[in-house]
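The model shown is predicted, which means the values in this text are computed figures rather than measured ones. Read the numbers this way: they start at 1 and go in the same order the structure lists the ligands and their atoms.
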Amino acid sequence: MQSFGFLGLGIMGAPMAKNLLKAGFAVTVWNRSPEKCAELAALGAKVAAAPAEVTGSCAVTFAMLADPAAAEAVCFAPDGALQGIGAGRGYVDMSTVDAATSQKIGAAIAFKGGRFLEAPVSGSKKPAEDGTLIILAAGERELFDEALPALEKMGKKCLFLGELGNGARMKLIVNMVMGGMMTIFCEGLALAAKAGLRSSSLLDVLDAGALANPMFKLKGAQIVQGNFAPAFPLKHMQKDMRLAVALGDALGQPLFAAATANESFKKAKALGLSDDDFSAVFQAITS
Ligand code: NAP
């Protein structure tokens, strides 16, 4: 039986690690706040005291962490993931970060004789629970092939996109489109309300035509109910918008719509909505 490590048991990491356990793999977990390991331990996971203990005992370790700062902290801390990496060991970072962060971590892992893959995911809490994420991997092809039996338990589609950085860039572009769609959708809902139109009517009209999509359907109903329980925390969406705008900056691509949407998410953070769902940008737009 293959054994895997898993670092980071947040909204996404916990159900992803659970799916590995359910598939019968031996899994060793670690989380900064150790209480989040209890549920996984009850399902049979081994719990480690530090990331180095996980990477030092598992052939392949997955990480699912908040942002570039978290991904670097977990890798480079004195008892971090890098310390446990030896010849041939695999490290698969599934966090959404920028290409430069991913390449920095990848270079450090390679320097110690390890192998690295970035594998950010598209899809939220429910697809993480259902094992139906879309996995955007790039880096070492051999490690992708070796990790595939586990990736296939977490995702319904596992793409290999080539050289390191391509997965990170693809993920940021996808989320930039999503953040832009969410802000214009919320502006539409706000405008409809001011125009005396029923929100439910707008949702029905959108859903009946070419603009229909699962995100408008799911989030629209929740926004109308005032339900902003986090599936994708707003602070992470703003991080992705910020990193996408920076990518546009680096590549000389104007991103007028994305830059404006980023401002709405920044305003939402300033209003204290960081830990709500990213659809809570509606509250910033209507405030
Ligand atoms: P989350 O619930 O906020 O979990 C974040 C994880 O990172 C937790 O395990 C947290 O540990 C850990 N962490 C944060 N800062 C850390 C630090 N400095 N050192 C060590 N650990 C740290 O976030 P999530 O929704 O699971 O998202 C995880 C990643 O997936 C993010 O990059 C996000 O952009 C991406 N993503 C999320 C979704 C979604 O819908 N939620 C979808 C696709 C991609 P603690 O438990 O100790 O705080």
Identify which of S274, A77, A66 has a heavy atom lying nearest to atom 14 (C) of ligand 1. A66

What atoms of ligand 1 come within less than 4.0 Å of a heavy atom belonging to P233? 25 (O), 41 (N)

Considering non-hydrogen atoms of the protein only, which is the closest contact for atom 45 (P) of ligand 1, and what is the distance? S33 OG, 3.4 Å

Which residue from V74, D277, D275 reaches closest to atom 20 (C) of ligand 1 through any of its heavy atoms? V74

Checking contacts here: is it the side chain or the backbone of P120 that comes within 4.0 Å of ligand 1, counting heavy atoms only? Could be both or neither. neither

Checking a contact table here: which protein heavy atom is nearest atom 21 (N) of ligand 1, and how many Å away? R32 CB, 3.8 Å

To which protein heavy atom is atom 29 (C) of ligand 1 closest, and what is the distance rounded to 0.1 Å? L65 O, 3.2 Å

Are the side chains of D275 and K235 in touch, meaning some heavy atoms are under 4.5 Å apart? yes

Give a yes or no on this: more than 12 heavy atoms of other residues, nucleotides or ligands lie within 6.0 Å of atom CE of M170. no

Checking K104 against F76: charged group under 6.0 Å from the ring centre and within 45 degrees of the axis? yes

Residues 246-257 vs salt bridge (Lys or Arg N to Asp or Glu O under 4.0 Å), sequence neighbours excluded, gives none

Would you indicate which of G10, A14, G8 comes nearest to atom 4 (O) of ligand 1 when only heavy atoms are counted? G10

How close does the nearest protein non-hydrogen atom get to atom 2 (O) of ligand 1, and which residue and atom is it? I11 N, 2.8 Å

Nearest protein heavy atom with distance in Å, relative to atom 23 (O) of ligand 1: H236 NE2, 3.1 Å

Which heavy atom of the protein is the closest neighbour of atom 34 (O) of ligand 1, given with residue, atom name and distance? K239 NZ, 2.7 Å

How does N31 reach ligand 1, by side chain, by backbone, by both or by neither, if only non-hydrogen atoms under 4.0 Å count? side chain

Distance (rounded to the nearest 0.5 Å) between C37 SG and K46 NZ: 14.0 Å

Min N/O separation A73 to ligand 1 under 3.5 Å: no

Identify, by atom number and element, the atoms of ligand 1 in contact range of K171, meaning under 4.0 Å from any of its heavy atoms. 43 (C)

With K266, which residues qualify under side-chain hydrogen bond (donor to acceptor under 3.5 Å, both in side chains), at least two apart? E263

Measure the acute angle between the ring planes of F4 and F62, then classify it against the limits of 30° and 60° as parallel, tilted or perpendicular. tilted

Should the proximity of T96 to ligand 1, defined as any heavy atom under 4.0 Å, be assigned to the side chain, the backbone, both, or neither? both

Rounded to the nearest 0.5 Å, what separation is found between the CH2 atom of W30 and the CG atom of D79? 8.0 Å

Taken to the nearest 0.5 Å, the spacing of S199 OG from D204 CG works out to 11.0 Å

Nearest-neighbour protein heavy atom for atom 26 (O) of ligand 1, which is reported as residue plus atom name and distance: M12 N, 2.8 Å

Could you walk me through whether E118 and K171 pass salt bridge (charged side-chain N to carboxylate O under 4.0 Å, His left out), step by step? CA-CA 11 Å; E118 63 186 5; K171 170 63 192 166; over 6 Å; no

Ligand 1 atoms in contact with A231 (distance to a heavy atom under 4.0 Å): 39 (C), 40 (O), 41 (N)

Interatomic spacing from CZ in F278 to CE in M215 - rounded to 0.5 Å: 5.0 Å

I'd like to know whether ligand 1 has A69 as a neighbour, heavy-atom separation below 4.0 Å. no

Above 12 or not: heavy atoms from other molecules or residues under 6.0 Å from NZ of K125? no

Whether F144 and F160 hold their rings parallel, tilted or perpendicular, with breakpoints at 30° and 60°: tilted

Ignoring angles and geometry beyond distance, decide whether M94 reaches within less than 3.5 Å of ligand 1 through its nitrogen or oxygen atoms. no

Residue, atom and distance of the protein heavy atom nearest atom 42 (C) of ligand 1 read G123 O, 2.9 Å

Going by heavy-atom distance to atom 46 (O) of ligand 1, choose the closest among K36, M178, E72, K126. K36

A71 heavy atom under 4.0 Å from ligand 1: no

Is the closest N or O pair between L9 and ligand 1 shorter than 3.5 Å? yes

In terms of heavy-atom contacts, does CZ of R141 have more than 12 from other residues, nucleotides or ligands at under 6.0 Å? yes

